[in-house]
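The structure appears right after this line, and notes come after that.
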Amino acid sequence: MADDVPTLSSERDHARKVYRAMLEARHLEAKLASLYKAGKIVGGVYLGKGQEALSASLGACLEWGRDIFAPLIRDQGGRTAFGEPILDCTRTYLGSAAGPMRGRDGNIHRGRPTEGLLAMISHLGTSVSVVSGMLLARRLQGTLDGVVGATSIGDGGTSTGSFHEGLNAAAVERLPLVVAVANNQFAYSTPTDRQFACADLLDRAAGYGVEGREVDGTDFLECVRTMAGAVQRARQGGGPQMVVARLLRLSGHGEHDDASYVPEDVRAGRFGRDCMEVAHQQMIESGYADEAEIAGWRSEIVDRVQEALATATREHGPNPWDERWEARATNLLTVVD
């Protein structure tokens with residue numbers, strides 16, 4: 001590992017945490033995709049297949065109830081690693097009134113802001129501004145010390161105005177913001193050569209005075225180490241960090257999309273590798289886990305996912321006559337006079 005990349009006290013324990021979150025996210029989303037195809041889920045299902053190593057590596061570095069995490073639609077790995085209860089996911093997708101959104105919002109617009117998990121924002125790029133604003137508010141309150149705010153964005157989202165405005169503000173204020181960019185080569189069906197003219201998305205970090213790193217998003221241990229270093233530098237006062245991961249979305253934009261626009265040579269290329277398969281191999285080769293342990297984890301995850309789905313299926317949806325529909329203020333951040 002490079003000397004300038006901070007290490008965790010135990011990479012083995014951290015890598016095991018990340019890998020288990022990846023396993024759970026992959027199995028959970030496979031079940032959700034099956035339910036969608038069976039007509040059991042209303043709305044879209046967007047899979048993080050192929051992006052779990054990047055996402056889970058970020059979420060695993062953050063502390064539930066202390067840090068801020070604004071995930072995107074392909075961040076189930078990060079949500080799981082951060083600490084989101086699996087029932088929050090199944091209840092939201094199946095419309096249970098017991099879920100965090102009480103069955104009243106879309107499948108991916110769920111969160112627990114009081115614990116630091118923000119609901120996904122459909123206006124891509126906006127989460128960069130929102131997290132930067134929350135970090136600045138904590139600074140004004142005197143509660144920012146040791147806190148990190150993180151968010152994810154895709155290659156297409158880096159072309160939005162909000163992304164640039166938020167990143168610029170974070171750089172000027174030297175906020176502890178970490179931005180994970182999944183360069184999955186297609187913004188829906190638009191290839192990167194029709195999205196931006198710079199040589200690499202990493203150039204955008206330098207343009208705003210932000211420290212940046214590039215990573216192979218299919219390489220599990222590279223993601224683990226690079227993201228750990230970025231979060232640690234932000235937490236220790238190093239200012240905003242941007243990690244750009246090259247990878248390929250291994251599914252369509254959503255389960256409604258067959259991704260037929262992706263050329264076969266791209267699928268067969270290096271970044272078409274499945275990060276789950278690479279992670280399995282690296283966990284074994286590094287001695288961080290053995291086949292028996294991994295099999296045990298898979299079995300536990302299968303049971304846990306099935307139980308969460310069964311629970312959400314039994315629960316009732318929202319009753320409009322019992323709901324309180326007015327807006328209610330929540331004291332998430334006290335206004336500073």
Side-chain angles (χ1 to χ4, degrees), residues 2 4-6 51 54-55 57-59 61-62 67-72 74-75 78 116 118 120-140 144-185 187 190-217 222-223 225-247:
D4 64 340
V5 177
Q51 298 186 194
L54 174 67
S55 180
S57 291
L58 175 57
C61 293
L62 306 175
D67 294 323
I68 300 166
F69 181 37
L72 206 58
R74 306 188 204 289
D75 276 319
L118 304 190
M120 182 266 173
I121 304 171
S122 290
H123 297 82
L124 300 180
T126 304
S127 60
V128 178
S129 298
V130 170
V131 175
S132 295
M134 293 179 71
L135 291 171
L136 184 59
R138 291 197 183 189
R139 174 181 288 171
L140 295 173
L144 184 60
D145 188 43
V147 171
V148 168
T151 189
S152 301
I153 193 70
D155 46 89
T158 65
S159 296
T160 62
S162 189
F163 171 85
H164 291 276
E165 293 163 2
L167 191 60
N168 184 64
V172 170
E173 294 295 336
R174 296 282 294 171
L175 296 172
L177 172 72
V178 178
V179 180
V181 181
N183 182 359
N184 59 33
Q185 305 183 61
T190 305
T192 52
D193 63 1
R194 301 303 302 163
Q195 296 178 53
F196 50 85
C198 55
D200 195 287
L201 284 176
L202 199 62
D203 296 341
R204 293 186 169 174
Y208 288 109
V210 171
E211 186 171 355
R213 294 284 194 285
E214 190 169 46
V215 64
D216 178 347
E222 189 178 337
C223 286
R225 292 163 180 166
T226 302
M227 196 60 73
V231 172
Q232 188 168 328
R233 284 188 291 273
R235 200 180 297 281
Q236 293 178 347
Q241 309 288 316
M242 191 166 90
V243 176
V244 178
R246 294 193 64 188
L247 45 82

Requested in this report: Keeping the roles fixed (side chain from Gln241, backbone from Gly239), state whether a donor-acceptor pair exists under 3.5 Å.
Outcome: yes
Report summary line: Between the CG atom in Leu167 and the OG1 atom in Thr158, the distance rounded to the nearest 0.5 Å is 10.0 Å
Query raised in the report: Which residues satisfy the salt bridge (Lys or Arg N to Asp or Glu O under 4.0 Å) test with Glu165, sequence neighbours excluded?
Result: none
Query - Straight-line distance of Leu202 CG to Glu214 CD, nearest 0.5 Å - result: 5.5 Å
Requested in this report: Could you tell me which non-hydrogen atom of Leu62 sits nearest to which non-hydrogen atom of Ala150, and how far apart they are?
Outcome: CD1-CB, 3.8 Å
**Report entry** Counterpart residues, salt bridge (Lys or Arg N to Asp or Glu O under 4.0 Å), relative to Arg204 (two or more places apart)
**Finding:** none
**Report entry** Note, Leu177 side chain near Val179 side chain (heavy atom, < 4.5 Å)
**Finding:** yes
Report summary line: Separation between CG (Asp75) and CE (Met120), nearest 0.5 Å, reads 9.5 Å
Query raised in the report: Which pair of non-hydrogen atoms, one from Pro240 and one from Val210, has the smallest distance, and what is that distance?
Result: O-CG1, 3.4 Å
**Report entry** Smallest separation among heavy atoms of Gln195 and Ser159, with atom names
**Finding:** O-OG, 3.6 Å
Query raised in the report: Where do Val131 and Ala70 come nearest, in terms of heavy atoms and distance?
Result: CG2-CB, 3.6 Å
Requested in this report: Measure the spacing between OG of Ser129 and NE2 of His164 and express it to the nearest 0.5 Å.
Outcome: 11.0 Å
Query raised in the report: Where the side chain of Gln185 meets the backbone of Leu247, is there a donor-acceptor pair that is under 3.5 Å apart?
Result: yes
Query raised in the report: Are any side-chain N or O atoms of Ser55 and backbone N or O atoms of Gln51, one a donor and one an acceptor, separated by less than 3.5 Å?
Result: no
Query raised in the report: Going by heavy atoms in the side chains, are Thr160 and His123 under 4.5 Å from each other?
Result: no
Requested in this report: Starting at OG1 of Thr151, measure out to CD1 of Ile121 and round the result to the nearest 0.5 Å.
Outcome: 7.5 Å
Query raised in the report: Under the salt bridge (Lys or Arg N to Asp or Glu O under 4.0 Å) test, which residues partner Asp155, sequence neighbours left out?
Result: none
Query raised in the report: Distance-only, no hydrogens or angles: does the Arg139 side chain make a donor-acceptor pair with backbone N or O of Glu173 under 3.5 Å?
Result: yes
**Report entry** Non-hydrogen side-chain atoms of Ser127 and Leu118 separated by less than 4.5 Å
**Finding:** no
Requested in this report: Check Cys223 against Asp216 and note the closest heavy-atom contact, atom names and distance.
Outcome: SG-O, 3.6 Å
Query raised in the report: Is the side chain of Arg246 donor-acceptor paired with the backbone N or O of Asn183 at a distance under 3.5 Å, no angle test?
Result: no
Report task. Before giving the answer on side-chain contact (heavy atoms from CB on, under 4.5 Å), spell out for Val215 and Met227 the whole-Å C-alpha distance, their side-chain angles and the decisive distance to 0.1 Å. Result -> CA-CA 9 Å; Val215 64; Met227 196 60 73; over 6 Å; no
Query raised in the report: If every non-hydrogen atom of Gly157 is compared with every non-hydrogen atom of Phe163, which pair is closest and at what distance?
Result: O-CB, 3.6 Å
